[in-house]
2 protein chains.
Amino acid sequence: MSSEPTSRAERRERTRARILTAARDLFAENGFDRTTIRAVATAAATDPALVMRYFGSKEELFRQVAEAGAEPPIEGSPGRVEDLLLAALRDKLTTGDTGTLALLRSMLTHPAAAEGVRQSITEQQRQVAAGLGGEDAMTRAALVGMITLAAVLGRDLLKLEGLHGADPEVIIELLRPAVQTLIR
Amino acid sequence: MSSEPTSRAERRERTRARILTAARDLFAENGFDRTTIRAVATAAATDPALVMRYFGSKEELFRQVAEAGAEPPIEGSPGRVEDLLLAALRDKLTTGDTGTLALLRSMLTHPAAAEGVRQSITEQQRQVAAGLGGEDAMTRAALVGMITLAAVLGRDLLKLEGLHGADPEVIIELLRPAVQTLIR
DNA sequence: GTCTATACCGGGATAGAC
DNA sequence: GTCTATCCCGGTATAGAC
């Protein structure tokens, strides 16, 4: 019957989701180049041909894995901007957002990933710089963006001693004064 | 004669150096995985077999390219530590140290590069943390390390608008207060 | 629609000619 | 000692059986 608990379309969707999850994990762990379609298929308990059928290419699979959910806008008084920035950082540190990690993991070696990160930061940068004024507003905003990014890098990707597994709240409160010096 | 202006050993050394330089540039630009022995050989105006003969493996070639010159020790009063940290950053930003860039470029995707960066930062971290005291000294030191690293990343690797090509001195003076909040 | 088998390419590494 | 030719592996992608 077509009204069974697991219809064909439903199964199809489940498989697709399984592939996506497996790909996210592997891309986040090993980056684009070192992740193979074969490994993704194995991890998702299917086969390489199916992965290709669903996503067309490894490039496209990565694109779908790494596409960023829209960030809330950063605006308002300096104090509010500071809070919003740190809230965004908290979000990245607490939700083990594997999609973002996948993007970050490859940002230095994969052109598309680099472009994704660049756009994301540039967008944030403009918003922060808008409320700043001054000659070096864009530079300050860029540094703030890089600092929050660096926190994620050190904690979740490089896993530095003293940062790896550290309480996000501790990191945020340590960074708060530093951020203030740049966007005050 | 064996006393010619360019002896065999001399020529050999020049070729070796040319390969090393070419490799540095390519590794810094494209990372470990996307750099091929063939491309290195072409850029150095030799052939792949010679590269292998001199360095044994791609891994070893990378190791020699990325091996860090010893950093000056970071110690003394908080003010002095701050100056030393920022001086080290200035050094990275001014000398287009391609060897360091090669290491940083691959730190998220190549295990050996990750380990190299981790050790380098950890070393600095211990020195900074030693003069700090307090519960979260290592975390603060790690954040400082990541912040200076982030500056190089944003300016020279990601080439963010507002940071790409920015005057090192400007970056340093903008970061100084931020660093102070963490190591005071 | 799903999977097996394979084509095809480009990589690192090596053997042997000169 | 230097380079040509080649091996072999593992990658993405595809064709075709079920």
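The chains referred to below are lettered A, B, ... by the order of the sequence lines, with proteins before strands, and numbering in each begins at 1. The model shown is predicted, which means the values in this text are computed figures rather than measured ones.
In the displayed structure, B:Arg176 atom CZ is contacted under 6.0 Å by more than 12 heavy atoms of other residues, nucleotides or ligands.
Annotation: salt bridge (charged side-chain N to carboxylate O under 4.0 Å, His left out) contacts of B:Lys58 (sequence neighbours excluded): none. For A:Arg80, the salt bridge (charged side-chain N to carboxylate O under 4.0 Å, His left out) test picks out no residue, with sequence neighbours left out. Residues that satisfy the salt bridge (charged side-chain N to carboxylate O under 4.0 Å, His left out) test with A:Glu59, not counting sequence neighbours, are absent from this structure.
Rounded to a whole Å, the CZ atom of B:Phe55 is 16 Å from the P atom of C:dT14. Rounding to whole angstrom units, CZ of residue A:Arg16 and C1' of C:dG1 are separated by 16 Å. Taking atom CG of A:Leu50 as the reference point, atom P of C:dA5 lies 16 Å away to the nearest angstrom. Note: CZ (B:Arg14) to C1' (D:dG1) measures 18 Å, nearest angstrom.
Applying the ring pair (Phe, Tyr, Trp, His ring centres under 6.0 Å) test to pairs two or more places apart or on separate chains, those with a residue in residues 97-155 of chain A are A:Phe32-A:His110, A:Phe62-A:His110. Sorted pairs that involve residues 134-181 of chain B and meet ring pair (Phe, Tyr, Trp, His ring centres under 6.0 Å), not counting sequence neighbours, are lacking altogether.
Within the 4.0 Å cut-off from OP1 or OP2 of C:dG1, not a single side-chain nitrogen or oxygen of A:Tyr54 is found.
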Report summary line: Protein heavy-atom contacts under 4.0 Å, written 5' to 3' over nucleotides 12-18 of chain D as B (base), S (sugar-phosphate only) or - (none), form the string BSB----
